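These notes concern the structure reproduced below.
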Amino acid sequence: MNHKIAVVTGGSRGIGKAIVLALAGAGYQIAFSYVRDEEAAMALRAEVEAMGRECLASQCDVKDGNSIKGFFERVEQQFERIDLLVNNAGITRDGLLATLSINDIAEVIQTNLIGTLLCCQQVVPGMMRQRSGCIINLSSVAAQKPGKGQSNYAAAKGGVEALTRALAVELAPRNIRVNAVAPGIVNTDMTAALLGAHEQEVQSRLLIKRLAEPQEIAEAVLYIAERGHYLTGEVLSVNGGLKMP
Ligand code: NAP
C-alpha cells in the first residue's frame with residue numbers, strides 16, 4: 001500500500017476533484033484546498049475518508065500569499081511530509097485584449113502562475129530535505145495553441161510551462177521531479193460556458209471527437225507521479241489531438 005502524501009490545490013471540483021480521487025485510489029493520503037465551495041469540499045473529504053485515506057480539506061486562495069502559507073502550515077500540522085504537489089487551481093477570464101480589465105489580467109496571472117510559484121515555494125524546502133518529491137503543474141493546450149481571447153490565460157500557462165522546466169533544472173540534484181500536464185478541453189464548470197455556444201465547432205477541431213473527462217487528466221497526473229520515474233521538465237499533452245488555427 002502506498003502511504004505517500006499528496007497536496008492538490010483547487011481539489012473541490014472538476015479536474016482537481018478527479019485528481020484527488022485518483023490519488024486516493026492509488027493509496028495516497030490527501031490534503032486539498034478549495035476557495036469558495038466548502039460544501040463540495042466537505043463531501044469530497046468524506047468520500048476520500050470512506051476510501052480509508054486520511055484527508056485534509058482546507059480553504060486557501062492561491063491569489064493570496066498569506067492564505068497559501070496558512071494552508072501549508074495546516075498541512076504540516078497534520079502530515080509529516082509532502083511527497084507530491086499538484087498545482088491544479090486555475091481560472092479563466094477570456095476576452096479580446098482590448099476588452100480585458102486590469103483585474104481580468106492580474107487575477108489570471110496571479111491565480112494560475114504566481115499561485116503555482118508560491119505553492120512550489122512552500123513544498124520545496126521539505127522535499128529538498130527528504131531528497132525526494134514530485135511536482136505536477138496544470139498547464140493547458142492554450143499555452144501552445146491558444147484560442148482567440150486567451151492572451152491572459154495563455155501567458156499564464158506559458159509561464160507555468162517555463163516554470164516547470166526551470167524548477168526541474170533547479171531541483172533535479174535533490175531527486176525532485178517537476179512536470180506539467182496540458183489538458184485540451186475537459187468536461188468541467190470551466191468549459192461549460194464555452195460549450196453552450198461553440199460545442200460543434202470545438203468538436204470539429206478534435207481528432208478524438210469528444211471532450212476529455214476529468215478522470216482522463218487525473219490518469220495522466222497519476223502516471224507521472226507513480227510511473228514516470230524518468231520524466232522531468234516535461235509537458236504531457238492530453239488533448240484528444242486538438243487542432244487550433
Ligand atoms: P474548475 O472546474 O473551474 O475548478 C477550478 C478549481 O480551482 C476549483 O476547485 C476552485 O475552487 C479552484 N480555484 C479557483 N480559483 C482559486 C483560487 N484563487 N485559489 C484556490 N483555488 C481556486 O476548473 P477545471 O476545469 O477543473 O480546471 C483545473 C485546472 O486545469 C486549471 O488550472 C485549468 O486552467 C486547467 N485546465 C482546464 C481545462 C478545461 O478544459 N477544463 C483545460 C486546460 C487546462 P472552488 O470550487 O472553491 O471555487
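Only a predicted model underlies this, so the values are computations on that prediction, with no experimental measurement involved. In listed order, ligands and their atoms are each counted from 1.
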- Item | contact_flag Ile91 ligand 1 heavy-atom lt 4.0 Å | yes
- Message: Is it the case that ligand 1 has an N or O less than 3.5 angstrom from some N or O of Val141?
- Response: no
- Report yes if some N/O of Val186 lies less than 3.5 Å from some N/O of ligand 1; otherwise report no. yes
- Query: Are the side chains of Lys4 and Glu226 in touch, meaning some heavy atoms are under 4.5 Å apart?
  - Reply: yes
- Query: If you measure from each heavy atom of Ser67 to ligand 1, is any distance below 4.0 Å?
  - Reply: no
- Message: What protein heavy atom lies closest to atom 48 (O) of ligand 1? Include the residue and the distance to one decimal.
- Response: Arg13 NH2, 2.9 Å
- Of Thr111, Ile15, Ile217, Val86, which has the heavy atom at the shortest distance from atom 27 (O) of ligand 1? Ile15
- Query: Can you list the ligand 1 atoms lying under 4.0 Å from a non-hydrogen atom of Ile185?
  - Reply: 40 (O)
- Message: Does this structure show an ion pair linking Lys69 with Glu76, if we count only N-O contacts that are shorter than 4.0 Å?
- Response: no
- For ligand 1, is any non-hydrogen atom under 4.0 Å from Val35's backbone (N, CA, C, O), its side chain (CB onward), both, or neither? both
- Item | Nearest non-hydrogen protein atom, atom 47 (O) of ligand 1 | Arg36 N, 2.6 Å
- Of the protein's non-hydrogen atoms, which lies at the shortest distance from atom 19 (N) of ligand 1, and what is that distance? Val62 N, 2.8 Å
- Message: Quick check: closest heavy atoms across Phe71 and Val7, and the distance to 0.1 Å?
- Response: CE2-CG1, 3.7 Å
- Query: Among all protein non-hydrogen atoms, which one is nearest to atom 5 (C) of ligand 1, and what is the separation to 0.1 Å?
  - Reply: Gly90 O, 3.9 Å
- Verify the neighbour count for atom CD of Gln203: are there more than 12 heavy atoms of other residues, nucleotides or ligands below 6.0 Å? yes
- Message: Can you confirm whether Ile102 is buried at CD1, in the sense that more than 12 heavy atoms of other residues, nucleotides or ligands lie under 6.0 Å from that atom?
- Response: no
- Query: Hey, is ligand 1 close enough to Tyr34 that some N/O pair sits below 3.5 Å?
  - Reply: no
- Message: Looking only at the side chains, is there a donor atom on one of Glu54 and Gln78 sitting less than 3.5 Å from an acceptor on the other?
- Response: yes
- Item | Which atom of Cys134 lies closest to which atom of Ala225, heavy atoms considered | SG-CA, 4.1 Å
- Whether Ser140 side chain and Ala143 backbone form a donor-acceptor pair below 3.5 Å: no
- Message: Please list, in number order, the atoms of ligand 1 under 4.0 Å from a heavy atom of Lys63.
- Response: 18 (N)
- Task: Could you find the nearest protein heavy atom to atom 36 (N) of ligand 1 and give me its residue, atom name and distance?
- Result: Tyr153 OH, 3.5 Å
- May I ask you to check if ligand 1 and Thr188 share an N or O to N or O distance below 3.5 Å? yes
- Message: Are there over 12 heavy-atom neighbours, none belonging to Glu213, within less than 6.0 Å of that residue's CD?
- Response: yes
- Message: Looking only at the side chains, is there a donor atom on one of Asn137 and Thr164 sitting less than 3.5 Å from an acceptor on the other?
- Response: yes
- Task: Can you pull out the closest protein heavy atom to atom 21 (N) of ligand 1? Residue, atom name and distance to 0.1 Å, please.
- Result: Ala89 CB, 3.4 Å
- Measure the distance from atom 31 (C) of ligand 1 to every protein heavy atom, then report the residue, atom name and distance (to 0.1 Å) of the closest one. Asn88 O, 3.1 Å
- Task: Provide the closest heavy-atom pair for Arg177 versus His229 in the form atom of the first, atom of the second, distance.
- Result: CD-O, 3.5 Å
- Exercise: identify the closest heavy-atom pair between Thr188 and Pro214: CG2-CG, 4.0 Å
- Item | Atoms in ligand 1 flagged as close to Thr191, the criterion being non-hydrogen separation under 4.0 Å | 39 (C), 40 (O), 41 (N)
- Using a 4.0 Å heavy-atom cut-off, say whether Ser139 meets ligand 1 through its side chain, its backbone, both or neither. backbone
- Message: Let me confirm one number: the OG1-CD1 distance from Thr111 to Ile91, rounded to the nearest 0.5 Å.
- Response: 3.5 Å
- Which atoms of ligand 1 are found less than 4.0 Å from any heavy atom of Gly14? 2 (O), 26 (O)
- Item | Option nearest atom 20 (C) of ligand 1 (shortest heavy-atom distance, choices Gly10, Cys60, Gly16) | Cys60
- Task: Could you check atom 45 (P) of ligand 1 against the protein and tell me its nearest heavy-atom contact, residue, atom and distance included?
- Result: Ser12 OG, 3.5 Å
- Task: Between Lys157 and ligand 1, find which residue part has any heavy-atom pair under 4.0 Å and reply side chain, backbone, both or neither.
- Result: side chain
- Message: Which option wins on minimum heavy-atom distance to atom 17 (C) of ligand 1: Asn187, Val181, Asp61, Val20?
- Response: Asp61
- Item | Distance-minimising heavy-atom pair for Cys60 and Val35 | O-CB, 3.9 Å
